[in-house]
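Working notes, structure below.
To find a chain, count down the sequence lines: A is the first, B the second, and so on, and within it residues start at 1.
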Number of protein chains: 2
Amino acid sequence: MSVRMEDIAKILGVSKSTVSRALNNNPLVNENTKKKVLTVAKRLNFRKNYLARSLITKRTNTIGIVLPNILSSYTHEIVYGVETVANKKGYALILCVSSDDPKKEEKEIHLLREKQVDGMIIFFIGESKHCDCIWELKQDKIPFVLIDRYLKNIYSDFVVTDNIAGAYMAVKHLIKLGHKRIGFIIEPEGSTSILDRIEGYKKALNEFGIKVEKELIKTSPIRREANGYRTMKEFLLMKNPPTAVFAVNDEIAIGALEAIEEQGLKVPEDIALVGYDNLRVSHLLKVPLTTVAQPIQEMGSRAAEILIEKIEKNGITKPQRIFLKPKLIIRESCGGGKNISKRVKKVRLLINT
Amino acid sequence: MSVRMEDIAKILGVSKSTVSRALNNNPLVNENTKKKVLTVAKRLNFRKNYLARSLITKRTNTIGIVLPNILSSYTHEIVYGVETVANKKGYALILCVSSDDPKKEEKEIHLLREKQVDGMIIFFIGESKHCDCIWELKQDKIPFVLIDRYLKNIYSDFVVTDNIAGAYMAVKHLIKLGHKRIGFIIEPEGSTSILDRIEGYKKALNEFGIKVEKELIKTSPIRREANGYRTMKEFLLMKNPPTAVFAVNDEIAIGALEAIEEQGLKVPEDIALVGYDNLRVSHLLKVPLTTVAQPIQEMGSRAAEILIEKIEKNGITKPQRIFLKPKLIIRESCGGGKNISKRVKKVRLLINT
DNA sequence: TTATATAATGATATCGGTTGCATATTAATT
DNA sequence: AATTAATATGCAACCGATATCATTATATAA
């Protein structure tokens with residue numbers, strides 16, 4: 001069907017080895033024959049078959065990325081970072097989506113192995129106790145880099161942001177503005193990214209002598225846009241609601257914002273709000289959101305760089321464990337922080353009517 | 001290095017043919033031997049090498065997608081639509097980005113061919129006169145589906161939205177609100193998606209007896225976020241500025257919105273604004289944007305469905321040319337449309353001071 | 001019992017390249 | 001002229017699977 005090197009060889013009366021060498025710029029070929037080969041190749045519109053090539057070279061120049069979803073702008077930016085570097089270095093990218101399902105995730109990882117990718121970047125959402133497929137990668141010396149969250153029980157490369165520091169900054173900011181009752185909306189996952197943010201939250205409170213109260217840490221059900229809505233409502237229905245809320249990500253914060261406004265309250269006048277992620281939407285909201293920005297793109301690009309280096313050095317590099325620094329972006333959703341006590345009264349009043 | 005079928009064969013004292021059959025669920029194998037093979041395969045953590053398999057089956061179960069960029073939420077949603085279907089049908093997805101560069105685009109298409117993808121989805125940005133690589137795909141019977149924009153001189157499958165209808169709806173909406181001077185900000189491309197929108201714009205004006213004025217159609221330089229900003233400023237500096245502006249996409253509209261507000265004017269009170277695309281951001285803006293929604297995800301998923309059907313029917317299907325219907329989403333950026341003439345005066349006043 | 005159908009397996013070519021080694025040709029050295 | 005080196009090329013094995021065809025073992029029919 002398609003043109004093979006052998007076809008070119010026959011036309012020119014040479015062997016396919018020579019054709020192969022000519023097309024691979026091997027100096028062992030005579031300049032003249034090389035030219036002839038290239039001419040015929042062009043004329044026949046020859047395309048090399050990388051399957052055959054890779055089969056023998058053991059290189060596909062392809063990396064895989066496994067993500068829990070692809071709709072959030074978070075994963076989106078990761079892909080961007082990864083793609084940019086992969087492309088620059090001459091690697092193709094296979095995109096795999098696990099749909100937040102650990103079993104699917106495992107399948108995707110296996111699939112990538114079967115496709116013989118040179119390495120993979122994994123946003124691993126499986127439980128840290130059930131990560132056999134990651135172990136197998138390590139055992140079989142297949143280069144991989146974890147991203148966004150790491151596994152405490154596996155010594156491997158990863159690129160994450162310093163979530164402890166990020167949450168700490170956010171909460172400290174609220175405390176400095178005078179807040180003492182700071183709600184925290186989290187998600188029902190055991191990932192290091194959330195665990196670390198909880199740790200940062202507690203660290204800030206402790207540092208300023210504020211007691212950590214369980215009722216102020218609420219779990220929002222599913223990962224979805226505007227899912228902070230319901231949880232925020234719960235906060236607003238408390239007898240003694242928080243004067244500030246820290247959302248574990250911006251999507252939750254957006255939901256929370258809606259809930260607050262629907263209740264007839266205002267941000268930041270009545271309740272201060274901090275998010276996490278600095279989505280591209282966040283500064284466009286009715287109340288521009290104060291949030292913790294993660295260098296998401298950079299996370300992707302660093303992961304890709306590390307992975308590719310590992311591939312090209314044949315995995316001899318020792319694991320790199322990168323914690324990128326997040327940054328607090330102060331906008332309008334926390335206000336100036338005066339008269340916290342007065343506000344509290346107003347909020348209670350509004351809610352009890 | 002890695003475990004091969006032959007290794008399993010040797011352990012069990014059978015031939016590799018038998019192992020292959022067992023692992024492929026071929027009924028020709030004895031149930032018992034199949035079990036043995038599966039057991040050993042599991043024990044050795046065997047992974048099939050798809051390169052070898054594909055080399056002979058001529059199927060990679062992989063499709064490629066070529067996009068001009070990956071940062072816009074537009075292409076993002078396309079990817080989502082494509083990925084969902086590809087995944088469901090058991091195809092992996094290779095992501096290629098042309099970075100708005102026709103030469104790079106050509107390279108990516110060649111790369112996909114070399115990787116022997118079963119087919120590809122192409123958001124083609126090259127000029128319609130220089131689309132040799134698309135011709136070659138057709139000639140060589142490699143399944144492909146164009147997306148977002150089609151090529152007038154190539155009879156092929158494509159999935160686009162009806163841009164004539166979309167623009168027509170938007171402009172008609174403005175006309176019905178009383179606008180007669182309607183500015184149009186376009187982009188400097190010759191793609192069918194923009195040409196068709198221009199056609200829709202003109203069609204609406206013609207239908208209501210409004211003359212098309214060249215000075216009211218302005219081209220915004222580069223494709224980037226908020227790039228409508230400068231062009232909108234130009235409109236505002238005209239002696240007789242438009243009372244409404246139709247932006248060829250929401251990103252331009254967002255830029256335009258900024259420019260208008262910076263000039264001390266208000267949307268929709270002073271100037272009406274319509275976008276195109278219905279980005280996820282657009283309803284979150286300070287002034288929720290009236291816009292034309294395209295079923296972007298659907299475009300991706302339809303393209304994937306058509307492509308895969310084509311692949312699995314060995315390309316015997318005849319080209320499908322799909323025009324999906326867009327939808328006008330009316331929000332707040334056009335207002336109620338009363339007292340257009342008064343507004344005009346106010347705008348002129350503000351600008352000349 | 002022999003012939004025939006059925007089920008299970010193996011040997012081997014193949015897919016389209018790459019690569020090591022042998023060989024042929026020409027040029028350089030002594 | 002003989003020896004050695006350098007340059008080009010071909011042959012054949014190989015990568016790891018699949019697929020065709022031949023073969024063997026077993027079951028069924030005549």
Side-chain angles (χ1 to χ4, degrees), chain A residues 1-38 40-41 44-62 110-118 140 142, chain B residues 1-38 40-41 44-62 110-118 140 142:
Chain A
M1 198 78 215
S2 53
V3 184
R4 299 161 305 150
M5 288 195 180
E6 187 139 22
D7 301 325
I8 298 177
K10 271 181 191 159
I11 289 175
L12 289 170
V14 297
S15 75
K16 61 174 179 174
S17 321
T18 304
V19 175
S20 170
R21 283 189 271 252
L23 292 170
N24 286 320
N25 246 326
N26 188 318
L28 280 177
V29 192
N30 180 291
E31 272 304 315
N32 223 314
T33 44
K34 187 193 279 182
K35 264 183 209 157
K36 282 190 217 158
V37 170
L38 293 178
V40 176
L44 299 186
N45 197 19
F46 169 78
R47 305 275 156 230
K48 204 184 298 197
N49 184 329
Y50 265 76
L51 296 178
R53 174 178 227 269
S54 298
L55 188 55
I56 197 157
T57 60
K58 312 268 189 200
R59 274 290 176 79
T60 50
N61 280 294
T62 303
H110 287 327
L111 182 75
L112 286 175
R113 296 192 58 167
E114 292 174 337
K115 291 208 178 293
Q116 313 296 121
V117 294
D118 294 334
D140 298 345
I142 292 169
Chain B
M1 199 77 217
S2 52
V3 185
R4 298 161 306 152
M5 289 194 180
E6 187 140 23
D7 302 325
I8 298 177
K10 272 182 189 158
I11 289 176
L12 290 170
V14 297
S15 75
K16 61 176 179 173
S17 318
T18 303
V19 175
S20 170
R21 283 190 272 251
L23 292 169
N24 285 320
N25 248 326
N26 189 319
L28 279 177
V29 195
N30 181 291
E31 272 303 316
N32 224 313
T33 44
K34 186 194 279 183
K35 265 183 208 156
K36 283 191 216 158
V37 169
L38 292 179
V40 176
L44 299 186
N45 196 20
F46 169 79
R47 304 273 156 233
K48 203 184 299 197
N49 185 330
Y50 264 76
L51 296 179
R53 174 181 227 269
S54 298
L55 188 55
I56 197 156
T57 60
K58 311 268 188 201
R59 274 291 175 80
T60 51
N61 280 293
T62 303
H110 287 328
L111 183 75
L112 287 175
R113 295 191 59 166
E114 291 174 338
K115 293 209 178 291
Q116 313 295 121
V117 295
D118 294 334
D140 298 345
I142 292 170

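A/Val19 comes within 4.0 angstrom of no nucleic acid atom, judged by non-hydrogen atoms across all strands.
Comparing atom distances between the A/Asn30 side chain and each of C/dT9, D/dG16, D/dT9 picks out D/dT9 as nearest. Residue A/Ile56 has its side chain nearest to C/dT18 when only D/dA17, C/dT18, C/dG16 are considered. Comparing C/dC15, C/dG20, D/dT18 by their closest approach to the side chain of B/Lys58 singles out C/dC15.
A close approach under 4.0 Å does occur between a side-chain nitrogen or oxygen of B/Ser20 and OP1 or OP2 of D/dT18. Residue B/Thr18 places at least one side-chain N or O closer than 4.0 Å to OP1 or OP2 of C/dG10. Of the side-chain N and O atoms in B/Asn24, one or more sit less than 4.0 angstrom from OP1 or OP2 of D/dT18. One finds no side-chain N or O of B/Asn49 lying less than 4.0 angstrom from the OP1 or OP2 phosphate oxygen of D/dA17. Within the 4.0 Å cut-off from OP1 or OP2 of D/dC11, not a single side-chain nitrogen or oxygen of A/Lys16 is found.
In terms of position along DNA chain C, the nucleotide closest to A/Leu51 lies nearer the 5' end than the nucleotide closest to the other residue of the pair A/Ser17 and A/Leu51. The residue among A/Met5 and B/Ser15 whose nearest nucleotide of DNA chain C lies closer to the 5′ end is B/Ser15.
Atom CD1 in A/Ile8 sits about 14 Å away from atom P in D/dG10, given to the nearest Å.
A salt bridge does not link B/Arg47 to A/Asp140: none of the charged side-chain nitrogens sits closer than 4.0 Å to a carboxylate oxygen.
Between the side chain of B/Arg21 and the base of C/dG10, a donor-acceptor pair under 3.5 Å is found.
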